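See below for the structure under consideration.
What you see is a predicted model; the values in this text were computed from it and never measured. Counting starts at 1 for both ligands and their atoms, following the listed order.
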Amino acid sequence: MRRTRPTMSFVEYSDLIQDGDVVIVYMGHNSVMPVKVQHGSQTQTRYGAIRHSSDLIGQRYGSKVTCSKGGWVLVLHPTPELWTVCLPHRTQILYTTDISVITMMLELKPGSVVCESGTGSGSLSHAILRTVAPTGHLHTVEFHEQRAQKVAEEFKEHRVDHLVTVRNQDVCKDGFGVTGVADAVFLDIPSPWDAVGHAKSALKKHGGRLCSFSPCIEQVQRTCEALADHGFQEISTLEVLLRVHDVRTISLPLPDFGPDHSAPSEPRTTEEAPPTATLSPASISIKTTTPPREMPGHTGYLTFATKPRT
Ligand SMILES: C[S@@+](CC[C@H](N)C(=O)[O-])C[C@H]1O[C@@H](n2cnc3c(N)ncnc32)[C@H](O)[C@@H]1O
């Protein structure tokens, strides 16, 4: 589709906010909210109302917007990473730490064809779409009807629906709805071992990559067995744990070793002040990092495998 003016989409950047866009309102580090821009509408925040017609439409993405109570927020262009931290949850979702490793290990790139199940809340799906655009495609399968419908609406609102097909079916019974087309398959379902055969037939004849996400080690064991039985190779399981260090300035006291006796000293008279120890600073200020006291724990095991060329 050719557009005369660049328009917001989750896979293309646009400069100006337009009617119908989805913008991410950033109010603080842990306070981010998606807003559908509609001429004449208002959105309430803790800093007061944002009036879409005057405060959003025609403004630059990244602008600081003053709300009706005088406080301000930033209006950001949507990205899959921002969507992941503010999307409406219908299920448990994958977060960016796991998603980044999944993207790399599945070797996803522009043009890749990917099969996924279940779609869930679409957190991973948006990241896949951004990576495979503009020529790739995502075939995603979700057996829960309302979830499938809702995520299809979101793909439309986010202007990525031309890159994705949502199928409302059971992946363990009916597969992905495509055969011999996928470069990569991703599974996030309770019984992935039942979908391994369908994953194999969805992958291209000359092979491809598979990843399955499971919280429990017993699920991993069954999946690895099924993968080996179906002739998958390079089977490996890993877990990604992220430690975010706090960068801050700290003040360290300097030790006072007393007067410096090694320096050649002039004979002194009794009236002279004691040597320079009192002149040195009592502390220094340095930038450093400190590890977190608490960090997110286990999300799930990621099992990867390769379908060899047949
Ligand atoms: C944990 S959620 C997936 C979350 C998703 N990865 C995300 O990042 O938002 C699992 C989803 O798989 C769906 N599901 C479970 N078993 C399925 C099956 N056999 N076929 C299709 N969908 C299935 C569930 O309805 C649920 O929506």
Compare all side-chain heavy atoms of Glu142 with those of Thr140 and state whether any distance is below 4.5 angstrom. no
Is the number of heavy atoms from other residues, nucleotides or ligands under 6.0 Å of Gln149 CD greater than 12? yes
Salt bridge (charged side-chain N to carboxylate O under 4.0 Å, His left out) between Lys204 and Asp183: does it pass, once the steps are laid out? CA-CA 6 Å; Lys204 283 180 177 160; Asp183 298 291; 2.8 Å; yes
How about Arg159 and Glu12: do any of their side-chain heavy atoms sit closer than 4.5 Å? no
Which pairs with one or both residues in residues 144-153 pass salt bridge (charged side-chain N to carboxylate O under 4.0 Å, His left out), sequence neighbours excluded? Lys150-Glu153
Exactly one of Val240, Thr103, Leu124 should register a side chain to side chain contact (heavy atoms under 4.5 Å, CB included) with Asp98. Which one does? Val240
Atom pairs and distances, ligand 1 N/O vs protein N/O under 3.5 Å:
unit_1   : atom_1 : unit_2 : atom_2 : d
ligand 1 : 6 (N)  : Asp188 : OD2    : 3.0
ligand 1 : 8 (O)  : Leu94  : N      : 3.1
ligand 1 : 8 (O)  : Leu124 : N      : 3.2
ligand 1 : 9 (O)  : Ser121 : N      : 3.2
ligand 1 : 9 (O)  : Gly122 : N      : 3.2
ligand 1 : 9 (O)  : Ser123 : N      : 3.2
ligand 1 : 19 (N) : Asp170 : OD1    : 2.8
ligand 1 : 20 (N) : Val171 : N      : 3.0
ligand 1 : 22 (N) : Phe143 : N      : 3.2
ligand 1 : 25 (O) : Glu142 : OE2    : 2.6
ligand 1 : 25 (O) : Arg147 : NH1    : 2.7
ligand 1 : 27 (O) : Glu142 : OE1    : 2.7
ligand 1 : 27 (O) : Glu142 : OE2    : 3.3
ligand 1 : 27 (O) : Arg147 : NH1    : 3.0

